[in-house]
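Read through the structure below, which is laid out as structure tokens, and then see the notes.
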Amino acid sequence: MAKKTIAYIDAIREALREEMARDPKVIIMGEDVGLGQGAFTVTKGLYQEFGKDRVIDTPISEESIIGACVGLAMAGFRPVAEIMFNPFMALVMDPLINHAACYRYVSGGQVKVPMVIRTLVCQGRGAGHDHAPFYASWFMHIPCLRVIVPSTPYDAKGLLKTAIRDDYPCIFYEHIDFYPRKPNLGEIPEEEYLIPFGEADIKREGSDVTVVAILTGVKASLSAAEKLEKEEGISVEVIDPRTLAPLDKQTILNSVKKTGRLVVVETDFKTAGVGAEIAAMVVEEALEYLDAPVKRVATKDIPISFTNEKYILPDEQAIVKAVKELVLK
Amino acid sequence: MLEFKLLAMKKLNNYHPKSKVRVKNKNLIGGFNMEKEILIKIYQNIVLLRKLDEKLIELFTAGKLPGWIHPYVGQEAVVAGISPHVRKEDFFCATHRGRAFHVVKGTPLRSFVAELLGKKTGVNKGRAGEMHITNWEVYSTSSGIVGATFPMAVGFGLACKLEGGDRIVFCTFGDGASNRGTFHESLNMASVWKLPIVFICENNLYAQFTPSRLTTAVSDIAQRASAYNMPSKIVDGMDPIAVYEAVGEAVERARKREGPTLVECKTYRYHGHFYGDKWETYRSPEEVEAWKKRDPTVTFKERLLKEGVLTESLVKEIEGRIDSQIEDALKFAFESPEPSLEDIYEDL
């Protein structure tokens, strides 16, 4: 199978372009997505290629953008909305939670609401409390939503294409650290491919401890794993679930049954976060295999400020520390 | 408060003077510039909506109807006046006071009443209840969240525009919904994108238990349309012909792809926000009685009888037919099974 090298940001654009070319019902809408090329140039060129009716520049009206996507989706279209920063999702909760997520079920299967919301995690840039945080557990909590967290160009393209074709509302997270091209190159097949939801990827095999990590946590965990192997002789298995809803419980459980130890790495706030759910799931289903308590490496429960990210966001050292505490105690 | 309401009614008479000149020709009937068929359709819908709600209230009071009920009694002239303009393929956004819309749009009475009773044979398998019905066979939907259907209407409007043709969107809402942020966002979008949407405000002067004058900066919701460069009209919502005519103009604009319109219908609900609320605490019995004097089931019937559109025997026939339709639907609904435990896993 022929392969090519692509940057994360270009992989996302390629997924959008391919799906728009394949299906005339795919519509992009959001603030600055057309003429403005997207706030971070993700949608560059699509307005010129597909026209203003399919790449729709909207007013600053987040709630109505997502509400309009619900209408479009019920009417048979497949809208892909851009919500510029993750915390802006607070503005779209009614159409998303009370409508998009529920209408298929409460209508008795009469309608489907296929839509994707692409949103950006902008941590580590001093963007502040209303631009920086990563909120994923909000949406894991809601039945019938898909929560997608790709950490490589390969995962980003394959999962975005699947999301656009999926019949449920999907929240698709991108991270600002993935946008610069040079550090975010990866191989993908030349030909079309899709990645099914609910299939975790074992990014590194190991036998002493399982680290479940998402987004920027994956790279940090892989680097921590290398260091731990070299310096302490600890063998770390790193699993990237890639989709939090649906969650590939089996791959995580199989790994924990092998290693007996679990660390969850994510940059959502710690309390009632992604790690809390994964830890609870493992405790519920595989307690007898655990040789040590579960560790959660996450953002401290303090509002993110202009300057405090270096103190509250988890980093590689935090992962190393958590693993050592579990294995060497 | 009563004085305020009476003033509002007086103002209405100025919007629609009774002296309006009406053209007569062989295709048209009596003093109406309308076809007989349409007039009878409007009348039938008024009777159907009134009788249906009265029956539901009777069941609710007897403890036979689960959930809550938000009666439409008093406001029938609005939906009945809209009804002749609505095609099967048009999108229709209803409100929590929305039962009437789905029936008029074409939802069969049987599956409709079964839904209200929470039965498996209901239009939404008993999952929606009175506030959340969606019947996608006729493209009608609703929401229990006040103001949530504005952006959905924008989405439907975009779909109509992208598809081509002359399909349009009807979006009904109450005066209270016009204070939601979605009203501002969505009417702006609809106007900027020239979407084929008819926004119909049923201004019944109260948002749940609170009089609009305490919460709303304008007494006419239609005034707000000017902020979106959108044409608007105010009509007497107790007069189905006034509603029919104003909505007709808006529908024509929408089908011709000339953009959205806001039609405000001044109307009134005789019962509380939900049946059984203590409406005496926020409005006077005199006020309710004053509006009841303009009841469309009486005034419109009298007009049609006077103009020879209806006869006493036709009235009797229509009422009898509707009574037996409702009875049939109730029988079907009561005999239908409730959703089972296995059913909860369907459509996931």
Side-chain angles (χ1 to χ4, degrees), chain A residues 24-31 50-79 81 91-115 143-145 167-168 246, chain B residues 91 93 111 115 120-129 131-137 139 141-163 167 169 171 180-190 192-193 195 197 339 343-348:
Chain A
K25 296 285 189 187
V26 178
I27 305 289
I28 288 179
M29 61 191 297
E31 295 155 15
F50 296 101
K52 64 178 169 48
D53 285 344
R54 291 190 61 203
V55 183
I56 304 172
D57 278 319
T58 67
I60 300 175
S61 301
E62 281 83 359
E63 185 173 355
S64 289
I65 293 168
I66 300 308
C69 287
V70 175
L72 271 168
M74 286 170 71
F77 286 80
R78 291 185 175 270
L91 298 164
V92 312
M93 290 305 240
D94 175 58
L96 180 61
I97 307 301
N98 293 329
H99 297 83
C102 301
Y103 267 37
R104 181 180 190 154
Y105 185 76
V106 299
S107 71
Q110 287 217 19
V111 293
K112 290 186 293 191
V113 191
M115 55 188 273
C144 299
L145 287 184
D167 283 338
Y168 283 94
Chain B
F91 292 99
C93 301
S111 58
E115 183 59 40
K120 194 175 169 171
T121 53
V123 58
N124 300 122
K125 303 181 183 171
R127 292 175 185 169
M131 279 199 289
H132 311 111
I133 291 174
T134 292
N135 183 2
W136 221 230
E137 277 177 28
Y139 304 102
T141 189
S142 49
S143 173
I145 303 288
V146 170
T149 53
F150 293 124
M152 287 161 79
V154 167
F156 300 148
L158 278 169
C160 293
K161 190 179 156 186
L162 291 164
E163 281 170 354
R167 192 181 194 188
V169 184
C171 180
R180 283 289 318 278
T182 49
F183 175 84
H184 172 64
E185 290 185 349
S186 297
L187 270 73
N188 178 58
M189 284 173 162
V192 166
W193 295 331
L195 300 181
I197 308 175
D343 293 333
I344 70 168
Y345 299 105
E346 260 182 35
D347 308 309
L348 279 172

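Order of the sequence lines fixes the chain letters, A, B, ..., with proteins taken first and strands second; residue numbering starts at 1 for each chain.
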Top contributor to chain B contacts, counting heavy-atom pairs under 4.5 Å, from A:Ile66, A:Asp53, A:Asp167: A:Asp53
Find the one option among A:Gly76, A:Ser107, A:Cys69, A:Cys102 whose heavy-atom pairs under 4.5 Å with chain B are most numerous. A:Ser107
Begin with the C-alpha distance, continue with both residues' side-chain angles, and end with the deciding distance and a verdict on side-chain contact (heavy atoms from CB on, under 4.5 Å) for B:Leu158 and A:Ile27. CA-CA 10 Å; B:Leu158 278 169; A:Ile27 305 289; over 6 Å; no
So which part of B:Phe91 gets closer than 4.5 Å to some heavy atom of chain A, the side chain, the backbone, both or neither? side chain
B:Ile344 versus chain A, heavy atoms under 4.5 Å apart: side chain, backbone, both or neither? both
What heavy-atom pair brings A:Gly108 and B:Arg127 nearest, and what distance separates the two atoms? CA-NH1, 3.8 Å
Counting only non-hydrogen atoms closer than 4.5 Å, does B:Glu115 touch chain A with its backbone (N, CA, C, O), its side chain (CB onward), both, or neither? neither
A:Met29 versus chain B, the contacting section by heavy-atom distance below 4.5 Å: side chain
Over 12 foreign heavy atoms within 6.0 Å of NZ, A:Lys112: no
Selection from B:His132, B:Glu137, B:Glu346, B:Glu185 maximising heavy-atom pairs under 4.5 Å formed with chain A: B:Glu185
With a 4.5 angstrom heavy-atom cut-off, could you sort out which part of B:Asn135 is near chain A: side chain, backbone, both or neither? both
So which residue, A:Gly71, A:Ala75, A:Pro79, ends up with the most heavy-atom pairs under 4.5 Å with chain B? A:Gly71
Which one wins on heavy-atom pair count under 4.5 Å against chain B: A:Arg104, A:Met74, A:His99? A:Met74
B:Leu187 side, atom CG; A:Ser61 side, atom OG - distance, nearest 0.5 Å: 11.5 Å
So, the part of A:Tyr105 with a heavy atom under 4.5 Å from chain B: the answer is both
Which one wins on heavy-atom pair count under 4.5 Å against chain B: A:Gln110, A:Glu62, A:Glu63? A:Gln110
Does any heavy atom of chain A fall under 4.5 Å from the side chain of B:Val123, the backbone, both, or neither of them? both
Under 4.5 Å heavy-atom distance to chain B, tell me which part of A:Ile65 shows up: side chain, backbone, both or neither. both
By a 4.5 Å heavy-atom criterion (distance strictly below it), what part of B:Thr141 contacts chain A: side chain, backbone, both, or neither? side chain
For the student: nearest non-hydrogen atoms of A:Ile56 and B:Trp193, plus distance: CG2-CZ2, 3.5 Å
Would you mind checking which part of A:Asp94 comes under 4.5 Å of any heavy atom in chain B, side chain (CB onward), backbone (N, CA, C, O), both or neither? side chain
B:Arg167 versus chain A, the contacting section by heavy-atom distance below 4.5 Å: neither
OH of A:Tyr103 to OG1 of B:Thr134: how many Å apart, nearest 0.5 Å? 5.5 Å
Tell me, for A:Cys144 versus chain B, whether the close heavy atoms (under 4.5 Å) come from the side chain, the backbone, both or neither. side chain
In short, B:Asn188 meets A:Pro59 closest at the heavy-atom pair ND2-CG, 3.8 Å
